[in-house]
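For the single chain, residues carry numbers from 1 onward in sequence order. If you're wondering where the values come from, they're calculated on a predicted model, not measured in any experiment.
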Amino acid sequence: MRIFSGIQPTGTKHLGNYIGGIVQYVAGQERGEGIYCIVDLHATTVAYDPAMLRHSLYDLAAVLLASGLDPERCVFFRQSDVQEHAELQWLLMGVTAYGELQRMTQFKDKSAQQEFVSAGSSATRC
């Protein structure tokens with residue numbers, strides 16, 4: 001079984017993140033091929049401080065590794081290190097109509113909460 005999951009490096013990680021996600025990541029290493037990603041590109045779809053995002057990225061990586069995620073037993077990477085993510089996003093944005101985005105719950109929710117709305121707002125629920 002292949003398991004893929006990504007987590008944004010935004011906000012302070014808390015017990016809920018640990019129980020709901022991080023513990024599952026660690027357990028997934030035993031159940032099959034675990035592929036885990038820090039989705040830093042998703043975090044850039046809203047206003048952000050580059051220095052704080054960089055700090056949060058390293059902090060999250062440390063939390064995941066300290067919690068038991070083992071790069072010897074799973075694939076663990078930063079989204080922005082894989083050029084194909086950005087290339088695919090460009091292709092998908094080129095064929096996605098605004099009307100289609102408005103049908104997505106994530107896009108509508110994000111659009112209602114912020115002044116600047118980008119097509120990337122629909123992808124932030126990864």
Side-chain angles (χ1 to χ4, degrees):
M1 172 173 46
R2 183 172 294 146
I3 302 164
F4 176 82
S5 189
I7 184 171
Q8 286 195 49
T10 53
T12 303
K13 300 308 173 225
H14 48 74
L15 186 59
N17 297 117
Y18 180 74
I19 294 169
I22 297 170
V23 168
Q24 301 302 316
Y25 285 13
V26 175
Q29 297 174 123
E30 303 301 324
R31 292 192 306 261
E33 181 185 3
I35 305 169
Y36 304 108
C37 173
I38 297 178
V39 290
D40 56 333
L41 295 176
H42 281 66
T44 65
T45 62
V46 295
Y48 68 98
D49 174 353
M52 187 60 164
L53 179 59
R54 188 171 25 266
H55 171 77
S56 295
L57 189 144
Y58 291 122
D59 186 59
L60 176 57
V63 166
L64 292 170
L65 294 170
S67 297
L69 204 61
D70 182 358
E72 296 292 322
R73 297 174 31 214
C74 69
V75 176
F76 178 48
F77 67 99
R78 179 175 57 177
Q79 182 185 27
S80 61
D81 287 335
V82 180
Q83 180 178 340
E84 291 82 0
H85 278 268
E87 291 172 353
L88 180 59
Q89 183 261 355
W90 175 259
L91 294 171
L92 292 173
M93 282 183 48
V95 297
T96 305
Y98 183 71
E100 295 291 324
L101 293 173
Q102 289 181 309
R103 294 183 194 165
M104 296 178 63
T105 302
Q106 301 96 316
F107 185 79
K108 287 189 285 191
D109 290 349
K110 289 274 184 177
S111 299
Q113 296 174 13
Q114 58 196 49
E115 198 171 302
F116 174 75
V117 180
S118 74
S121 297
S122 65
T124 59
R125 298 284 304 247
C126 190

Side chains of residues 91-104: which donor-acceptor pairs under 3.5 Å do they make with residues two or more places apart or in other chains?
residue	atom	partner	partner atom	Å
Thr96	OG1	Leu92	O	2.5
Tyr98	OH	Gln102	NE2	3.4
Glu100	OE2	Arg103	NH1	3.3

TODO: Taking side-chain hydrogen bond (donor to acceptor under 3.5 Å, both in side chains) as the test, write out the residues that go with Tyr25, two or more places apart.
DONE: Ser5

Open item on the list: Checking Gln29 now: which residues fulfil side-chain hydrogen bond (donor to acceptor under 3.5 Å, both in side chains) with it, not counting sequence neighbours?
Closed with: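 Listed in chain order: nothing, the list is empty.
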
Task: Pairwise distance CD1(Ile7) to CD(Gln79) - rounded to 0.5 angstrom - done: 13.0 Å

Open item on the list: How long is the straight-line distance from CD of Gln24 back to CD1 of Ile3, given to the nearest 0.5 Å?
Closed with: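 Rounded to the nearest 0.5 Å, the CD1-CD separation comes out at 9.5 Å.
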
Determine all donor-acceptor pairs shorter than 3.5 Å in which one atom belongs to a side chain in residues 51-72; sequence neighbours excluded.
residue	atom	partner	partner atom	Å
Ser56	OG	Met52	O	3.0
Ser67	OG	Val63	O	2.7
Asp70	OD1	Glu72	N	2.9

Open item on the list: Does anything in residues 22-50 form a salt bridge (charged side-chain N to carboxylate O under 4.0 Å, His left out)? List the pairs, not counting sequence neighbours.
Closed with: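 The answer is Arg2-Glu33, Glu30-Arg73.
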
Open item on the list: I need the minimum non-hydrogen distance between Tyr36 and Gly28, along with the two atoms involved.
Closed with: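 For Tyr36 and Gly28, the tightest heavy-atom pair comes out as OH-CA, 3.5 Å.
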
TODO: Under the side chain to side chain contact (heavy atoms under 4.5 Å, CB included) rule, collect the residues that match up with Val82, sequence neighbours excluded.
DONE: Phe77, Glu84, His85

TODO: Answer yes if Phe76 and Val23 sit in the same cluster of Ile, Leu, Val, Met, Phe, Trp and Tyr residues linked by side chain heavy atoms under 4.5 Å apart, and no otherwise.
DONE: yes

Open item on the list: Please determine whether residues Ile38 and Ile22 belong to a single hydrophobic cluster, defined as Ile, Leu, Val, Met, Phe, Trp and Tyr linked transitively by side-chain heavy-atom distances below 4.5 Å.
Closed with: yes

